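Owing to the predicted nature of the structure, the values given are computational and were not obtained by experimental measurement. Below, all heavy atoms of this structure are taken into account, side chains as well, without hydrogens, waters or symmetry copies. Proteins get letters first, then strands, A, B, ... in listed order; numbering begins at 1 in each.
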Protein chains: 2
Amino acid sequence: MCEANAYVYENGKEILYLESVDILKPEAGKIYLRSLFGEQKVFDGAVREISLLNHKIVLEKK
Amino acid sequence: MCEANAYVYENGKEILYLESVDILKPEAGKIYLRSLFGEQKVFDGAVREISLLNHKIVLEKK
């Protein structure tokens with residue numbers, strides 16, 4: 001499977017935010033995420049870095 | 001493999017921009033991309049939508 005987990009970067013740490021992300025969409029200054037399983041979250045921040053080979057999306061607060 | 005192709009959305013069409021993207025990183029209002037093969041590009045715009053299951057990153061100009 002080719003989904004990735006989303007983490008929030010804070011104080012030098014990466015905290016798991018949403019597993020198995022399929023969709024990521026910036027919307028009105030926030031980041032909408034939807035997992036493979038239909039779980040949806042809206043993160044008030046921005047993308048810091050995505051590494052698809054590492055299956056990793058890192059978000060951070062603005 | 002779990003990389004995705006990056007496309008630029010323009011006038012209702014999606015035009016291939018970079019194949020086999022590994023890294024995506026917003027930097028100074030632009031989007032830095034690096035492929036599995038080490039090819040690097042900087043797109044002057046933003047992420048429109050990412051669908052990992054579809055292996056697709058869609059960018060658009062601001």
Side-chain angles (χ1 to χ4, degrees):
Chain A
M1 300 302 287
C2 287
E3 78 284 1
N5 290 336
Y7 300 83
V8 174
Y9 181 85
E10 212 178 314
N11 299 323
K13 290 181 191 164
E14 294 173 351
I15 298 149
L16 185 63
Y17 181 71
L18 182 62
E19 285 185 293
S20 302
V21 172
D22 170 20
I23 304 287
L24 179 154
K25 192 169 181 167
E27 275 183 357
K30 301 185 180 186
I31 304 290
Y32 167 83
L33 298 160
R34 194 176 73 209
S35 81
L36 211 57
F37 310 108
E39 192 181 349
Q40 300 177 60
K41 278 188 157 183
V42 177
F43 180 73
D44 190 5
V47 173
R48 177 180 166 89
E49 182 169 357
I50 296 175
S51 171
L52 296 178
L53 291 190
N54 291 327
H55 299 259
K56 198 171 189 178
I57 295 167
V58 183
L59 307 170
E60 66 183 336
K61 288 180 190 159
K62 272 180 265 183
Chain B
M1 300 301 285
C2 286
E3 75 286 0
N5 290 337
Y7 301 83
V8 174
Y9 180 86
E10 210 176 316
N11 300 322
K13 289 181 190 164
E14 294 172 352
I15 297 148
L16 185 62
Y17 180 72
L18 182 62
E19 286 186 290
S20 303
V21 172
D22 170 19
I23 303 288
L24 180 156
K25 192 169 178 165
E27 275 183 356
K30 301 184 179 186
I31 304 289
Y32 166 83
L33 298 160
R34 194 177 75 208
S35 81
L36 210 57
F37 310 109
E39 193 182 347
Q40 301 177 59
K41 278 187 157 183
V42 177
F43 180 73
D44 190 5
V47 173
R48 178 180 165 89
E49 181 168 357
I50 296 173
S51 171
L52 296 178
L53 291 190
N54 291 326
H55 298 261
K56 198 171 191 178
I57 294 167
V58 184
L59 307 170
E60 65 184 337
K61 289 180 190 156
K62 271 179 262 182

> Is the count of non-hydrogen atoms from other residues, nucleotides or ligands lying under 6.0 Å from A:K41 atom NZ greater than 12?
yes
> For B:R48 and A:K25, work out which heavy atoms get closest and say how close.
O-CG, 3.5 Å
> Does some side-chain heavy atom of B:V47 sit less than 4.5 Å from a side-chain heavy atom of A:I50?
no
> With the 4.5 Å side-chain cut-off for hydrophobic clustering, are B:V8 and B:I57 part of the same group?
yes
> Any chance you could measure A:I23, atom CD1, to B:N54, atom CG, to the nearest 0.5 Å?
6.5 Å
> Mind checking whether A:L52 and B:I31 sit in one hydrophobic cluster, side chains of I, L, V, M, F, W, Y counted as touching below 4.5 Å?
yes
> Using a cut-off of 6.0 Å, state whether more than 12 heavy atoms not belonging to A:K13 lie near its atom NZ.
no
> Taking B:V58, B:D22, B:L24, B:V21 one by one, which has the highest count of heavy-atom pairs under 4.5 Å against chain A?
B:D22
